[in-house]
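One structure below.
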Amino acid sequence: MATTVVFADLTGSTRVFEAMGNARATDTVTRLVQWVGDVCEAHGGRVIKKLGDGIFALFPAGAPAISAMLEVQRSHHKRLLKWPEALRMDLQIGIASGEVVEVDGDFYGDAVNVASRLSDLAGPGQIWATESVVDQRIGPEVRHRSLGPISIRGRQETPTVHRIDWQDEVVDLLTLPAALSTLARPGIDTAFGQIELSWLDVHAAFGARDLPIHLGRVNEADFVVNDPRVSRLHARIEARNGSCILTDVSSYGTWVRFRDADGSSSEVALRRDECMLHGSGEISLGAPLSDFTAPTISFHTAGGRVQLAMKAEASQ
């Protein structure tokens with residue numbers, strides 16, 4: 001019988017140990033991990049192992065696992081609002097469902113490996129779950145957004161991953177100001193053929209059949225941008241209905257500036273939302289375009305061909 005696996009890890013603990021000292025930081029981290037375990041058990045989960053600054057738990061189904069992790073993120077967020085910046089530790093969570101095997105009190109299986117990897121890939125404060133989890137009866141009140149297929153190291157098949165939204169009205173509050181429909185202009189040929197990417201001396205081209213691709217900081221990304229402000233998997237580019245769509249899936253946002261032939265420009269800030277790439281302009285990952293040190297993508301679209309040239313300005 002399929003089991004739902006949860007890995008929850010604290011981020012930023014190294015900074016907390018430096019700020020508080022080993023004894024106090026150890027006590028704080030231990031209490032947080034214990035509290036996460038208590039929430040898991042209150043929702044019918046079984047804590048298998050405490051991993052220093054994280055936890056490994058099993059649930060009988062996806063619904064109680066997601067319910068527990070929503071409570072964890074929402075309660076922890078309220079707690080962090082009262083903590084000094086230097087002491088804040090976010091939680092990043094991975095959830096997967098599948099067969100697991102018990103050997104000498106430990107558990108193994110593909111779902112264990114995938115959930116552990118997703119907890120590493122998820123950004124601070126995020127919950128990532130495989131489609132096998134969200135396809136269960138998790139309830140219509142649980143909001144989630146597909147991130148598309150994501151490569152897992154050591155695994156040939158790429159599972160489709162969803163980000164579980166736990167912050168109320170997160171999209172309404174953080175997405176500025178242009179919607180997807182307003183960015184598509186009449187008369188523009190948006191039939192999509194391929195996309196070319198260039199960053200420093202790294203160049204790559206992806207045809208429509210190769211998409212979706214992910215831009216990010218880790219090796220699992222299809223196009224790696226090595227800048228600390230870029231999330232592990234920061235943005236997704238896909239072909240949809242003959243158009244090229246950019247979706248932000250990051251912790252800190254993506255900025256897009258469109259430049260018109262007459263020299264005018266318009267700008268949109270994306271936070272876990274999407275827009276259509278058309279014409280030409282710039283894309284900034286993890287920092288606004290006003291920051292000249294931000295890793296910046298210059299893009300140009302032309303009919304059935306979209307070209308992107310990425311440049312990163314070195315910090316001065």
Side-chain angles (χ1 to χ4, degrees), residues 1-14 16-17 25-77 79 89-136 138 142 144 147 150-155 157 159-164 166 218 220 232-233:
M1 185 174 67
T3 300
T4 299
V5 181
V6 169
F7 277 84
D9 295 304
L10 287 166
T11 64
S13 58
T14 300
V16 172
F17 272 82
T26 298
D27 181 65
T28 299
V29 169
T30 300
R31 288 173 180 269
L32 280 174
V33 171
Q34 180 62 50
W35 168 74
V36 174
D38 291 344
V39 175
C40 289
E41 292 176 348
H43 286 263
R46 175 185 174 188
V47 176
I48 303 303
K49 191 182 297 184
K50 294 174 183 174
L51 309 166
D53 57 358
I55 203 164
F56 166 28
L58 299 181
F59 288 80
I66 289 179
S67 179
M69 293 305 101
L70 288 173
E71 179 179 335
V72 163
Q73 289 288 30
R74 288 167 178 163
S75 298
H76 188 56
H77 176 68
R79 176 188 295 119
M89 291 177 285
D90 287 299
L91 281 158
Q92 50 192 69
I93 297 168
I95 310 176
S97 286
E99 300 293 332
V100 298
V101 177
E102 183 176 6
V103 179
D104 296 331
D106 208 344
F107 289 81
Y108 303 88
D110 185 58
V112 176
N113 298 331
V114 171
S116 175
R117 199 72 191 107
L118 291 183
S119 72
D120 292 335
L121 294 172
Q126 293 188 358
I127 304 171
W128 284 16
T130 58
E131 197 159 64
S132 61
V133 175
V134 300
D135 279 347
Q136 300 178 44
I138 59 175
V142 178
H144 55 89
L147 304 180
I150 291 181
S151 298
I152 303 294
R153 184 180 297 141
R155 195 175 190 270
E157 295 183 3
T160 297
V161 176
H162 293 248
R163 190 195 65 243
I164 308 299
W166 55 269
V218 296
E220 283 79 6
R232 291 172 171 83
L233 295 178

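Just so it is clear, the model here is predicted, and its values are computed rather than measured.
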**Report entry** Euclidean distance, E71 CD relative to I66 CD1, rounded to 0.5 Å
**Finding:** 14.5 Å
Which heavy atom of [X] sits nearest a heavy atom of [Y], and at what distance?
{"X": "A96", "Y": "V114", "answer": "CB-CG1, 4.0 Å"}
{"X": "T160", "Y": "H162", "answer": "CG2-NE2, 4.1 Å"}
{"X": "A65", "Y": "T4", "answer": "CB-CG2, 3.6 Å"}
{"X": "G37", "Y": "I55", "answer": "CA-CD1, 3.3 Å"}
{"X": "A8", "Y": "V36", "answer": "CB-CG1, 4.4 Å"}
{"X": "V133", "Y": "G62", "answer": "CG1-CA, 4.1 Å"}

Distance-only donor-acceptor pairs under 3.5 Å for side chains of residues 120-127, two or more places apart:
residue	atom	partner	partner atom	Å
D120	OD2	R117	NH1	3.2
Q126	OE1	G123	N	3.3
Q126	OE1	W128	NE1	2.8

Query raised in the report: Between F56 and F107, how do the two ring planes meet: parallel, tilted or perpendicular, split at 30° and 60°?
Result: perpendicular
Query raised in the report: After noting the C-alpha distance and the side-chain angles of R79 and H76, does the key distance pass the side-chain hydrogen bond (donor to acceptor under 3.5 Å, both in side chains) rule?
Result: CA-CA 5 Å; R79 176 188 295 119; H76 188 56; 2.9 Å; yes
Requested in this report: Tell me yes or no: between the side chains of Q136 and S97, is some donor less than 3.5 Å from an acceptor?
Outcome: yes
Query raised in the report: Would you call L32 and T30 a side-chain contact if the rule is heavy atoms closer than 4.5 Å?
Result: no
Requested in this report: Taking the side chain as every heavy atom from C-beta outward, state whether M69 and V6 have any atom pair closer than 4.5 Å.
Outcome: yes
**Report entry** Any donor-acceptor pair under 3.5 Å from R46 side chain to F59 backbone
**Finding:** no
Requested in this report: Please check if the side chain of Q92 supplies one atom and the backbone of D9 the other of a donor-acceptor pair under 3.5 Å.
Outcome: no
Report task. Kindly determine whether T11 and D90 satisfy side-chain hydrogen bond (donor to acceptor under 3.5 Å, both in side chains), including the steps that lead there. Result -> CA-CA 5 Å; T11 64; D90 287 299; 4.6 Å; no
